[in-house]
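All values reported here derive from a predicted model rather than from experimental measurement.
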Amino acid sequence: MIELEGVPELIDPVMVAAFEGWNDAGDAASTAVAHLEREWKGEVFAALDAEDYYDFQVNRPTVFMDGGVRKITWPTTRLSVVRVGGEKPRDLVLIRGIEPSMRWRSFCNELLGFAHELGVELVVILGALLGDTPHTRPVPISGTTSDPDLARSMELEETKYEGPTGIVGILQEACTHAGVPAVSLWAAVPHYVSQPPNPKATLALLNRLEDLLDLRIPLGELPEDARAWQVGVDQLAAEDSEVAEYVQTLEEAQDTAELPEASGEAIAREFERYLRRRDGGPTSGGHATADGGDGGPYLRDGPGSRPRPSMPPKAESDDGDAGNDSSEE
């Protein structure tokens, strides 16, 4: 039995989780949860026993000095709670950790135990994968669920993915079998510039989370960081004609595929978000790739050499749109 002494009764709690590792390209998902913790001053109330789930030769502990005393930080998964104010206050239970090395079923069961004790009404799991998407375009975000009723009510895709999976997919299925509504939000990160951080993908995940939960998230310096990131990648790509040509090919492919949506619902959603933010109200290790495989990093020939893009992964989606709804679940 999980006992949660000191945790107050929560208001309409939603659990938001992200895990470093295979499901976290560019650290976009884990950084999003860290942002929520920082902006809303989350207080950690529980941590899973690292001995139960982690191989310390894979995820090594770190040593640091605290007032002249050596201390050790063990890799683990921690839970914190934040209260979102406003006309309709609610609480978020934030889970941030590392994809476990072992005993995944026990890991998920322990998290579900916390969800049950806290009265969590919905679990939202954030992830990021490597895809054939240009850094110059809006980050594709796909929302998926295994629950057909939830898919209809929240305008999500009912997942049809088959293939290798990570802890995001395992936890979502564990929630489904336990009768806990669960949703996964995936950001597609350009595979040719996959190294963290990727503030643009983090910002896109938070914007989608705003829409899903109908709340307003303070973004701080994240929009400016996202703009600076894109300018930096623009400059890097401009130094190599091969990279620039490849980016242009991705742009043309994505623009063609998204032309109908770009002229309708997508623009309307962005305009609604802008109006609500203006008025101050609420808003309505490789990594996983679009085909479930391991994505290569942004390749360099050697110190001081120009960047070379890795070959794009072959996507196997239902509609051929890589990096959008063909995410690993």
Side-chain angles (χ1 to χ4, degrees), residues 1-4 15-34 37 44-64 71-80 93-118 120 123-130 144-146 159 161-180 182-187 189 194 196 285-297 327-329:
M1 175 66 68
I2 297 175
E3 298 182 2
L4 299 173
M15 182 174 279
V16 181
F19 304 94
E20 300 174 17
W22 198 65
N23 296 138
D24 193 25
D27 290 355
S30 59
T31 302
V33 174
E37 289 180 332
V44 175
F45 65 86
L48 304 191
D49 189 342
E51 292 279 351
D52 291 340
Y53 304 114
Y54 295 101
D55 179 348
F56 298 139
Q57 290 183 325
V58 176
N59 297 291
R60 293 186 178 273
T62 57
V63 178
F64 67 99
K71 294 185 177 181
I72 297 176
T73 299
W74 296 93
T76 188
T77 293
R78 294 178 172 84
L79 292 84
S80 60
V93 179
L94 305 179
I95 298 177
R96 183 161 62 101
I98 305 169
E99 184 176 66
S101 307
M102 62 196 80
R103 304 180 69 230
W104 285 20
R105 285 175 290 188
S106 297
F107 180 86
C108 292
N109 287 337
E110 189 164 355
L111 293 181
L112 283 170
F114 283 106
H116 174 73
E117 289 295 319
L118 293 167
V120 167
V123 175
V124 182
I125 315 167
L126 306 183
L129 53 83
L130 302 180
T144 64
T145 180
S146 298
T159 179
Y161 174 79
E162 296 178 304
T165 190
I167 195 59
V168 170
I170 297 299
L171 180 56
Q172 178 169 319
E173 289 307 303
C175 291
T176 300
H177 289 300
V180 179
V183 172
S184 295
L185 299 181
W186 288 92
V189 173
S194 60
H287 297 291
T289 62
D291 63 350
D294 288 342
S327 59
E328 179 278 314
E329 298 302 336

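- Between Leu130 and Ser194, the shortest heavy-atom contact is CD2-CB, 3.5 Å.
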> For Val16 and Ile95, what are the C-alpha separation, side-chain angles and deciding distance, and is it a side-chain contact (heavy atoms from CB on, under 4.5 Å)?
Replying inline: CA-CA 6 Å; Val16 181; Ile95 298 177; over 6 Å; no

>> Go through it in stages, so that I can follow the logic: the residues are Val180 and Leu112, the test is side-chain contact (heavy atoms from CB on, under 4.5 Å), and I'd like the CA-CA distance, side-chain angles, deciding distance and then a yes or no.
In response: CA-CA 9 Å; Val180 179; Leu112 283 170; 4.2 Å; yes

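- Panel note: side chain Thr159, backbone Thr144; no donor-acceptor pair is recorded below 3.5 Å.
- At least one side-chain heavy atom of Ile170 sits less than 4.5 Å from a side-chain heavy atom of Thr165.
- Ser106 is not listed as a side-chain neighbour of Trp104, based on a closest heavy-atom distance of 4.5 Å or more.
- Within the 4.5 Å cutoff, side-chain heavy atoms of Leu185 are placed close to those of Val124.
- Here the side chain of Asn23 pairs no donor or acceptor atom with the backbone of Gly127 at under 3.5 angstrom.
- Across Ala28 and Asp24, no two heavy atoms sit closer than the pair N-OD1, 3.2 Å.
- Note that SG of Cys108 and CD of Gln172 are 11.0 Å apart. Values are rounded to the nearest 0.5 Å.
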> Between Leu79 and Leu111, does a side-chain contact (heavy atoms from CB on, under 4.5 Å) hold up when you go through it step by step?
Replying inline: CA-CA 9 Å; Leu79 292 84; Leu111 293 181; 4.3 Å; yes

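- Heavy atoms only, all atoms of each residue included: Val33 and Ala17 are closest at CG2-C, 4.2 Å.
- Here the side chains of Phe107 and Met102 are not in contact, with every heavy-atom distance at 4.5 Å or above.
- When every heavy atom of Leu118 is checked against every heavy atom of Phe45, the shortest pair comes out as CD1-CZ, 3.8 Å.
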> Step by step, would you call Phe114 with Val93 a side-chain contact (heavy atoms from CB on, under 4.5 Å)?
Replying inline: CA-CA 10 Å; Phe114 283 106; Val93 179; over 6 Å; no

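- Between atom CZ of residue Arg78 and atom CG of residue Leu48 there is a gap of 9.5 Å, rounded to the nearest 0.5 Å.
- Under the 3.5 Å distance criterion, the side-chain polar atoms of Asn109 are left unmatched by any main-chain donor or acceptor of Gly113.
- Summarising the geometry of Ser30 relative to Arg96, their closest heavy-atom pair is O-CD, 3.4 Å, with the distance given to 0.1 Å.
- Using a distance-only test at 3.5 Å, with no hydrogens or angles considered, no donor-acceptor pair links the side chain of Thr76 to the main chain of Asp49.
- Side-chain N or O atoms of His287 include none that pairs as donor or acceptor with a backbone N or O of Ala128 at under 3.5 Å.
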Which pairs of donor and acceptor atoms, one on a side chain in residues 54-62, lie under 3.5 Å apart (sequence neighbours left out)?
| from | atom 1 | to | atom 2 | distance (Å) |
| --- | --- | --- | --- | --- |
| Tyr54 | OH | Thr77 | OG1 | 2.8 |
| Tyr54 | OH | Ile98 | O | 2.6 |
| Asp55 | OD1 | Gln57 | N | 2.9 |

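- Using modelled atom types and a 3.5 Å distance limit, the side chains of Glu37 and Ser80 yield a donor-acceptor pair.
- Rounding to the nearest 0.5 Å places CD1 of Ile125 at 5.5 Å from SG of Cys175.
- A donor-acceptor pair under 3.5 Å links the side-chain atoms of Glu99 to the main chain of Ile167, judged by distance alone.
- The two atoms that bring Ala18 and Ala29 nearest to each other are CB-O, 3.4 Å, heavy atoms only.
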